[in-house]
Amino acid sequence: MKTFIELGVSEPILRAITDMGFEQPMPVQEEVIPYLLGNRNDVIALAQTGTGKTAAFGIPLLQRINTEDKTTQAIVLSPTRELCLQIADDLKDFSRYIDGVRILPVYGGTSIVNQIRAIERGVQIIVATPGRLIDLMKRKVARLENVHNVVLDEADEMLNMGFKEDIDEILSGVPEDRNTLLFSATMSRDIERIARTYLRDPKEIVVGSRNEGAENVNHIYYMVQARDKYLALKRIVDFYPRIFAIVFCRTKVETQEIADKLIRDGYNAEALHGDLSQQQRDLTMQKFRQHLTQLLIATDVAARGLDVDELTHVINFGLPDDIENYTHRSGRTGRAGKKGTSISIVHSREKGKIRNIEREIGKKFVEGVIPSPKEICTKQLYKVMDQIDKIDVNEEEIAPFMEDINRRFDYMDKEELIKKIVSLEFGKFLAYYANAPEIVSPKEEREKRKGEKGKGRGEKGSRKAEKGYARLFINLGKTDGFYPGEVMQFINRHVGGRQQVGHIDLLQRFSYIEVPEKDAKRVMDALDGTEYKGRAVRCNREDSRERKDGDSGHRRSEGGRKKSDGGRRKDDKGKRGDSKAKGKKDKSRKADNDEGQFKGDWRQFFKNSGVEFKGEDPDFSEDGWARRKPKK
């Protein structure tokens with residue numbers, strides 16, 4: 001292995017990186033640094049985060065700067081504000097012993113006036129997000145005619161975020177006689193296309209293998225039902241007392257919701273997403289980097305390029321649609337030779353994604369078992385014991401108070417005192433897990449239903465509600481177009497907010513829904529008396545005997561007849577039966593085609609309905625309903 005001196009690194013930069021603790025160059029640095037110190041040497045570098053890529057392009061970029069010339073000589077493009085700031089800070093650290101080098105990060109969400117003033121005073125290196133750099137170019141402030149080094153960092157993400165046209169415009173204003181360096185974690189078709197367009201005879205440098213996850217990362221998934229995902233997240237976090245993690249969510253709304261729930265439940269968590277102001281985002285990241293925040297709940301875009309030391313876990317609160325996003329997520333941990341863990345909380349319909357990711361990264365996922373309350377409490381107890389054992393006692397500071405302390409606890413023996421100290425630190429876990437909600441895996445749920453088939457169901461089609469849940473009757477069914485997606489929307493719309501719902505039984509003319517016992521009255525009051533597509537809605541407990549006359553037939557078996565014929569003549573029975581059967585068949589077909597909903601084999605159903613899906617399978621869980629109208 002070569003040294004930094006053998007790579008040609010100048011003395012001022014060598015001095016700076018030595019202060020930062022750099023000893024030997026990492027593989028990507030050994031490959032890239034000497035090559036970029038030459039002229040017209042284009043590079044495609046495929047490297048995961050945490051491999052030292054900022055130093056790989058930053059050191060030669062700084063070394064080629066003419067400090068006597070105040071014009072812009074290098075630009076670095078990055079997809080997000082956070083990564084932009086991080087790169088600029090690293091370059092400033094590398095150049096601390098070089099006089100006259102000025103580096104400026106420019107990005108949206110902050111005053112462009114201050115950035116214009118800084119550029120007008122003279123800046124040799126601009127680290128920018130594409131959109132803001134375009135603004136500065138249009139204002140004739142950012143002039144790129146003297147640029148001889150261009151770096152596209154996280155190039156795949158910039159393309160995913162729709163910056164292709166911006167990159168075209170930026171590179172059209174840069175001299176052709178330049179070094180162009182393209183960094184990407186994966187080699188997609190879009191990256192190959194951008195390389196053919198913008199680079200000339202590039203050298204391809206691959207650190208590790210193409211499209212692989214970090215080698216030091218363990219990949220684990222937990223299969224749960226959609227309604228139990230948050231409960232599973234809590235258990236996983238509690239099982240790792242010293243966890244320091246990023247929890248990735250799919251949307252900004254989900255990110256804020258999960259962060260709010262964790263904070264409410266006493267966890268040290270913060271949200272990071274695009275709806276926060278730049279000042280809020282900077283403060284959140286500062287606290288997380290300083291380990292003042294234990295859990296960062298973030299979207300993919302907000303967390304791109306985050307460089308945080310000692311991240312123990314990445315938790316996927318559901319898998320991303322794009323496999324490359326999973327690669328970026330998992331690459332946040334297991335850096336600089338350390339071990340890390342990527343955990344995914346998924347439901348059964350995401351199992352196909354697991355297999356696709358395994359093929360892409362060349363590593364196997366391990367299926368985990370949700371920790372039990374006893375296992376979690378044991379882990380937390382050991383943590384408390386370890387903290388007490390290792391705490392340093394300052395004898396001088398505590399001495400003036402010892403007389404009062406001894407007097408206060410003089411009546412208490414050692415064993416009782418230890419119990420009280422441990423309970424003080426450990427009590428909340430014991431209290432929560434003493435009555436913690438049960439988490440049943442999809443496999444266990446299927447087996448449970450098989451066992452219940454024929455049991456607990458009388459001739460009237462009823463079933464016993466899950467423990468802690470109330471079973472409600474509602475006089476809407478499949479013939480009303482009342483399907484799982486409609487059920488959740490209808491409930492949430494009238495209850496106000498997101499209502500937790502358990503098992504749903506959809507029959508042809510009515511339905512049963514299970515809600516937490518504590519919410520049963522509120523849900524009934526909210527739904528009873530409303531209207532659904534012109535029909536008056538009735539909602540009450542299944543075990544209630546105070547039914548409305550028009551709903552008294554809900555207890556009969558599916559497809560059964562009411563005892564009363566409503567005054568019709570018995571000799572019309574055959575005719576009425578034929579007419580009713582025909583009407584029911586037509587109505588059922590209309591409900592299926594008009595509503596375009598899931599029934600039985602969804603693939604065959606949608607094929608028959610003329611509905612086309614692109615990409616991943618539709619998600620029919622209660623919080624991910626995919627509803628499409630058939631083509632006319």
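Please read these numbers as outputs of a predicted model, since none were measured by experiment.
The cationic group of Arg471 lies under 6.0 Å from the six-membered ring centre of Tyr512 and within 45° of the ring axis, placing it in a cation-pi geometry.
Glu375 pairs by the salt bridge (charged side-chain N to carboxylate O under 4.0 Å, His left out) definition with nothing, not counting sequence neighbours.
Other residues, nucleotides and ligands contribute over 12 non-hydrogen atoms within 6.0 Å of the CD1 atom of Ile405. For CD of Glu11, the number of neighbouring non-hydrogen atoms (other residues, nucleotides, ligands) closer than 6.0 Å is greater than 12. Within a 6.0 Å sphere centred on CD of Glu403, other residues, nucleotides and ligands contribute 12 heavy atoms or fewer. Within a 6.0 Å sphere centred on OH of Tyr382, other residues, nucleotides and ligands contribute 12 heavy atoms or fewer. The number of heavy atoms from other shown groups lying within 6.0 Å of CZ (Arg355) is above 12. Counting non-hydrogen atoms of neighbouring residues, nucleotides and ligands closer than 6.0 angstrom, the CG atom of Asp99 reaches no more than 12 such neighbours. No more than 12 heavy atoms of other residues, nucleotides or ligands shown are found within 6.0 angstrom of CZ on Phe401. In this structure, Leu292 places its CG atom where more than 12 heavy-atom neighbours from other residues, nucleotides or ligands lie under 6.0 Å away.
Just one of Lys252, Arg250, Arg329 meets the salt bridge (charged side-chain N to carboxylate O under 4.0 Å, His left out) condition when paired with Asp300; it is Arg329.
Under 3.5 Å, the side chains of His273 and Gln256 contain a donor-acceptor pair of N or O atoms. Side chains of Tyr326 and Ser342: a donor-acceptor N/O pair is present below 3.5 angstrom, by distance only. No donor-acceptor contact under 3.5 angstrom links the side chains of Asp519 and Gln500, judged on distance only.
Counting only heavy atoms from C-beta outward, the side chains of Val224 and Ile345 approach each other to under 4.5 Å.
To the nearest 0.5 Å, the span separating CZ on Phe4 from OG1 on Thr18 amounts to 8.0 Å. The line from OG of Ser330 to NE2 of His313 is 13.5 Å long, rounded to the nearest 0.5 Å. Taken from CD1 in Ile103 to NZ in Lys92, the straight-line distance is 7.0 Å, to the nearest 0.5 Å.
Between Phe94 and Phe22, the ring planes are perpendicular. Angles over 60° get that label, and only those under 30° would be called parallel.
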Which side-chain N or O atoms in residues 232-248 pair as donor and acceptor under 3.5 Å with protein atoms at least two apart or in another chain?
residue: Lys234; atom: NZ; partner: Asp265; partner atom: OD2; Å: 3.4
residue: Arg235; atom: NH1; partner: Pro371; partner atom: O; Å: 3.2
residue: Arg235; atom: NH2; partner: Pro437; partner atom: O; Å: 2.9
residue: Asp238; atom: OD1; partner: Tyr267; partner atom: OH; Å: 2.9
residue: Asp238; atom: OD2; partner: Tyr267; partner atom: OH; Å: 3.0
residue: Asp238; atom: OD2; partner: Tyr433; partner atom: OH; Å: 2.6
residue: Arg242; atom: NH2; partner: Asp386; partner atom: OD2; Å: 3.0

Exercise for the section: Let me see the working for Gln280 and Ser277 under side-chain hydrogen bond (donor to acceptor under 3.5 Å, both in side chains), right down to the final yes or no. Expected result: CA-CA 5 Å; Gln280 289 173 314; Ser277 68; 3.3 Å; yes
